[in-house]
Protein chains: 2
Amino acid sequence: MKILIVEDEPKTGDYLKQGLTEAGFVTDLARDGWDGLELAKAGHYDLMILDVMLPGINGWQVLEGVRRAGIDMPVLFLTARDQVEDRVKGLELGADDYLVKPFAFAELLARVRSLVRRGHAGLEPAVLKAADLELDLLRRRAMRAGRKIELTAKEFALLELFLRRRGEVLPRSLIASQVWDMNFDSDTNVIDVAVRRLRVKIDEGFESKLIHTVRGMGYVLETFPEEPAP
Amino acid sequence: MKILIVEDEPKTGDYLKQGLTEAGFVTDLARDGWDGLELAKAGHYDLMILDVMLPGINGWQVLEGVRRAGIDMPVLFLTARDQVEDRVKGLELGADDYLVKPFAFAELLARVRSLVRRGHAGLEPAVLKAADLELDLLRRRAMRAGRKIELTAKEFALLELFLRRRGEVLPRSLIASQVWDMNFDSDTNVIDVAVRRLRVKIDEGFESKLIHTVRGMGYVLETFPEEPAP
DNA sequence: TTCAGCACATGAAAATCCTTATCGTCGAAG
DNA sequence: CTTCGACGATAAGGATTTTCATGTGCTGAA
């Protein structure tokens, strides 16, 4: 599997190249937009990782050039934290996924694998929904019934997990491994506390509750109450 | 590469098996000490991952049985947080490495790879030193000039990095990727602040400073001052 | 030499996260 | 029906980590 990285900052570029190489990919690295475009046209890649901020021509322009040349490969692009609208724009231009700097390498790897596997057929949904709750993954914002909800990083990750696996009962060990990247140590109740904080934000003050406890098992996010009417 | 996992808690066991399988290893899973011992004797494994707390016979006993049977394979064992002395004991009994629960999977994978590669020839050093500073990785304790120093998780990780790469100038991007598992985003100074906190703890009040700033490059831990005498 | 600009240092406030302790509730057993 | 025990909810406290604002000193250019 061959990946083209287009990144001007040397440290980030080397970091990506090394990490992906260790993960078993073959990589080429372009240091600016022009080189990137040229390489993209010349070689056959399974994926392109594209920084938005580049000297010469920027990331979108590279993307546009690539698409104009009729090259059909998935594109993952990298944006800085404040370039939210850029991300939206990039997706409209035909990118397949994005990642906000700074990012954990594990996260990048997961997305790269996903894209390489799926091709750029199915873009990940940008907004997850359940009833009147919406989680915008691009803008990192949550809303319920039209009201904006502020979430911390952990809360966001937790809610994202719940929404991605809506209706499934998630045992604490699963939540721990996904949200905390930890193998579970049962003598703590971090998860209970985190779920509570999330509940306060997304359920408190609303008629229908979304997060439900399944005693002895874990937690579920469900649109309908467990027991409709006795 | 074949790995034997001995772990009674089902969730942890499955988690390990799945994760390692995805990482390309072949795994067998034993649910208690007796099964573990039997499998270890029967099959040819490149590594055994051994939980200390097991029903029937405990981890050390399994280890002892394995060694008695003349089986020579590296052993990585898993301990709970409070079983510090157990870890020390386990290493004395001939384990090759340990991991404290809860642990990040990435950490486990790194150690597994290291052990599979090296065999159990070279146990990682348990104590890192520089001048009169010591960092005990087993007991997670730091001392300087005989005085105990309390460190937080981040401080510990940072100091460990400095000690492992003593004398090397570490750019911020490297520190970010190692200690924060993040690709670097230059508009923050978390690293500066973290380095400062560490400095206060290990250098303040001591004649010779260990952590030095290299302007425009990063930080180094060095025993000798950069410029001896002008 | 002086000044401006940049890099790093520092202190303090704010945000987040984890721990601990206590209370409540559900379910099973008597 | 009552009691007990386990599991979960909740509140409060504390520790850690991050952000922000400001200070200081080096370096290179005028």
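What you see is a predicted model; the values in this text were computed from it and never measured. Here is the naming used below: chain letters follow the sequence lines, and residue numbers restart at 1 for every chain.
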May I ask you to say what A:Val195 touches in the nucleic acid, namely base, sugar-phosphate or nothing, with a heavy-atom cut-off under 4.0 Å?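 A:Val195: no heavy atom of the nucleic acid under 4.0 Å.
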
Would you indicate which nucleotide in [options] comes nearest to any side-chain atom of [X]?
{"X": "B:Val193", "options": "C:dC17, C:dT20, D:dT18", "answer": "D:dT18"}
{"X": "B:Ala153", "options": "D:dT17, D:dA9, C:dA9", "answer": "D:dT17"}
{"X": "A:Asp192", "options": "C:dA9, C:dC8, D:dG8", "answer": "D:dG8"}

Check whether any side-chain nitrogen or oxygen of [X] sits under 4.0 Å from OP1 or OP2 of [N], and answer yes or no.
{"X": "A:Thr152", "N": "C:dC17", "value": "yes"}
{"X": "B:Thr213", "N": "C:dA7", "value": "no"}
{"X": "A:Arg199", "N": "D:dA9", "value": "yes"}
{"X": "A:Tyr219", "N": "D:dA9", "value": "yes"}
{"X": "B:Trp180", "N": "D:dT18", "value": "yes"}

Note to self: Under a plain distance cut-off of 3.5 Å, with no hydrogens placed, do B:Thr213 and B:Arg199 share a side-chain donor-acceptor pair?
What the structure shows: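 B:Thr213 and B:Arg199 do have a side-chain donor-acceptor pair below 3.5 Å.
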
Task: Between A:Arg172 and A:Tyr219: side-chain donor-acceptor atoms closer than 3.5 Å - done: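 The criterion, which ignores hydrogens and geometry beyond distance, is satisfied for A:Tyr219 and A:Arg172.
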
Would you say that [X] contacts [Y] through its side chain, given a criterion of any heavy-atom pair below 4.5 Å between the two side chains?
{"X": "B:Met48", "Y": "B:Ile3", "value": "no"}
{"X": "A:Asp51", "Y": "A:Ile5", "value": "no"}
{"X": "B:Arg144", "Y": "B:Leu210", "value": "yes"}

May I have the distance from [X] (atom [atom1]) to [N] (atom [atom2]), rounded to whole angstrom?
{"X": "B:Glu155", "N": "D:dA15", "atom1": "CD", "atom2": "C1'", "value": "11 Å"}
{"X": "A:Glu150", "N": "C:dA15", "atom1": "CD", "atom2": "P", "value": "11 Å"}
{"X": "B:Arg196", "N": "D:dT24", "atom1": "CZ", "atom2": "C1'", "value": "13 Å"}
{"X": "B:Leu198", "N": "C:dT10", "atom1": "CG", "atom2": "C1'", "value": "16 Å"}
{"X": "A:Leu151", "N": "C:dC17", "atom1": "CG", "atom2": "C1'", "value": "15 Å"}
{"X": "B:Asn189", "N": "D:dC20", "atom1": "CG", "atom2": "P", "value": "10 Å"}
{"X": "B:Ile191", "N": "C:dC8", "atom1": "CD1", "atom2": "C1'", "value": "13 Å"}
{"X": "B:Arg197", "N": "D:dT16", "atom1": "CZ", "atom2": "P", "value": "9 Å"}

Mapping B:Val190 and A:Met217 to their closest nucleotides on DNA chain D, which lands nearer the 5' end?
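Here A:Met217 is the residue nearer the 5' end.
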
Query - Comparing A:Lys154 and A:Arg215 on DNA chain C - which has the more 5′ nearest nucleotide - result: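 The answer here is A:Lys154.
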
